[in-house]
Amino acid sequence: REIAAIQEDPVFQGTNKRIFFNQADLIEFALDGLIKEGEGGAVMAVIVLFTFLLRFRPTFVCTLAIPTSIVAALGFMYFIGMSLNVVTMVSLIVAVGMLVDDAIVVIENIYRYYQGGMDLAEASRRGASEVAVAVTASTLTILVVFVPVLYMGSGEMAQHMKQFSVPMGASLMASLFVAFTLIPLATAHMKDVAWIERLRTRAAEPRERGLLGKIFTVHPFTWLIHLYGWSLDKTLRHRFIFTSAILALLVLTYFVPFQRVGMQAMPPLDMHMVNIDVEMDQNYDLKMADAVFDRIKQSLESQRTELGVKNLFTHYDQTFGTVEVHLKKDEDYIDAQHPNGQKPPYKTKEVRAILSERLPDLVPGCRIKINMPEGDARKEGNGGGGMVSARLSGDNAATLHGLAEDLAARMRQMKNVSDVRISLEREKQEMQLGIDEPIAAAAGISPLIVAKTVDVALRGNQLWPMKQGGREYP
């Protein structure tokens, strides 16, 4: 809306707008993906639930705990002013598999009493009350882990953890409430006899010990239960051996995987963009900078189709500038032949590697750095394949410069190393003018006047911005 109002200004008539990067697209894409994955995860949770329960009615009743708890958590988030974002969506998706835990325990205990001869109403009352303390303690044990998060100070990680813990806690508390209210209520009002129960009763008769009996009386994970019982028996019989093996495994885990797993603040995010930073010598003027960036843009234009370049955006002055290379995404290839889009020809890292090989020789005398905004900004730790720095210290700057250049040359020859940089500033050519102070004083000229005169003669004088119609123009 604001951009449309600006374009209506007579000064900007005839201008065109082009969107290079829209943060909303990334957020909407992430949220859509999370919603789809959440739906698939919920379906898988129901399938796994039925696989273990092997009963349709308990599975259906337990499944009701998922949407009910999610809706309650969303209502809680609304009243405390929390919005749906990537972090809160991940929290709710993680909670989906935990929302049926309380309901499973309650409904299994209810059916235990029901199969013992009680009617459903009495079995629901007694079964739910019997496990109330255990289920409540189990849920509170999970929730208490997130209590320290609420006391974290300010910062990005603290904000992320709070956004993650609040929806998780609200949904778990809602699932606890559902397990002791809606689950017993729904179970108590179900029919006492159903076709599935008739099949179970029939399958339990000795004369029906055939395929039907195997389906409805033998649990598919019976072999796993027997294996667990066997391993537990062996463990208790040889306690010293198994305890020593567990301690050795813990020590081995600490010294091998834990030391090499790597750490990072946030995972790298592919922004589908490559930045080309160009640092020019001090003797460059704006006209020479124009020529440099024109050559870079011409080279990129010739590779637009090959690399999948969507847009180019440049901003520079006479000393430094950047070319933003925005790459196409899957949805940018949607056409009649590819209604669902297709993969770009190269990944962002591959595009950066290709440009690193082709561009440095294009503009001699300039220092070019090619990086990915998100991938390089999030520096990874050990083993992460990110950035490694080496620091040299000493008394002689010239010697250190030579050693740094030699080390950089050796590192560039390594197989998995790219974009080696030296933090030393480039040497600048300078000319010092000596002022004859007695003559300058006799002429009434100060060193500052001489410096400004030379500066204007060599670099010109920058005019003040022009103001017209309430606007300022450089």
Side-chain angles (χ1 to χ4, degrees), residues 37 40-63 65-66 93-116 123 127-128 130-142 145 172 175-176 179 183 187 194 196-258 260-261:
E37 297 299 330
V43 173
M44 293 298 297
V46 174
I47 294 175
V48 172
L49 184 63
F50 176 76
T51 303
F52 281 91
L53 294 179
L54 288 180
R55 300 184 185 95
F56 289 105
R57 290 185 297 175
T59 301
F60 175 73
V61 174
C62 289
T63 303
I66 297 177
I93 291 175
V94 173
V96 165
M98 306 170 64
L99 297 180
V100 295
D101 293 350
D102 299 341
I104 291 174
V105 176
V106 173
I107 204 167
E108 273 293 298
N109 203 44
I110 292 175
Y111 263 76
R112 183 172 66 88
Y113 281 107
Y114 171 65
Q115 291 176 342
E130 190 176 71
V131 296
V133 176
V135 172
T136 304
S138 175
T139 303
L140 293 180
T141 302
I142 299 175
V145 176
L172 290 179
S175 70
L176 182 64
I183 298 299
T187 307
I196 188 68
E197 297 300 334
R198 295 194 190 99
L199 290 176
R200 285 182 178 275
T201 304
R202 180 184 175 187
E205 297 178 0
R207 61 185 179 86
E208 294 290 346
R209 292 291 184 181
L211 179 62
L212 186 65
K214 291 181 180 180
I215 294 176
F216 288 98
T217 60
V218 180
H219 199 281
F221 293 98
T222 303
W223 65 272
L224 186 60
I225 298 174
H226 292 322
L227 178 61
Y228 173 74
W230 174 84
S231 61
L232 186 61
D233 177 69
K234 294 297 182 181
T235 302
L236 294 178
R237 291 177 181 273
H238 306 86
R239 293 186 293 271
F240 178 77
I241 296 177
F242 278 92
T243 303
S244 301
I246 292 174
L247 293 176
L249 183 61
L250 290 176
V251 173
L252 184 64
T253 302
Y254 175 78
F255 283 102
V256 181
F258 182 76
R260 300 182 180 182
V261 69

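Hydrogens, waters and symmetry mates play no part in the numbers below; they use all other heavy atoms, side chains included. Along the sequence shown, residues carry numbers from 1.
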Polar side chain donor-acceptor pair, Asp101 to Ser138, under 3.5 angstrom: no

Heavy-atom side-chain proximity of Val43 to Ile47 below 4.5 angstrom: yes

Over all atoms of both residues, closest heavy-atom pair of Ala179 and Ala103: CB-N, 4.0 Å

From CG (Leu99) to CD1 (Ile104), nearest 0.5 Å: 10.5 Å

Nearest-0.5 Å distance, OG1 of residue Thr243 to CG of residue Leu247: 7.0 Å

Nearest heavy-atom neighbours spanning Ser175 and Asp102: OG-OD2, 3.8 Å

Heavy-atom neighbours of Tyr228 OH exceed 12 at 6.0 Å: no

Closest non-hydrogen atom pair, Gly127 against Asn109: O-ND2, 2.8 Å

Where Ile107 and Cys62 come nearest, the two heavy atoms and their spacing: CG2-SG, 3.5 Å

Donor-acceptor contact below 3.5 Å, side chain Thr235 vs main chain Ser231: yes

Interatomic distance, Met98 atom CE to Ile66 atom CD1 [nearest 0.5 angstrom]: 12.5 Å

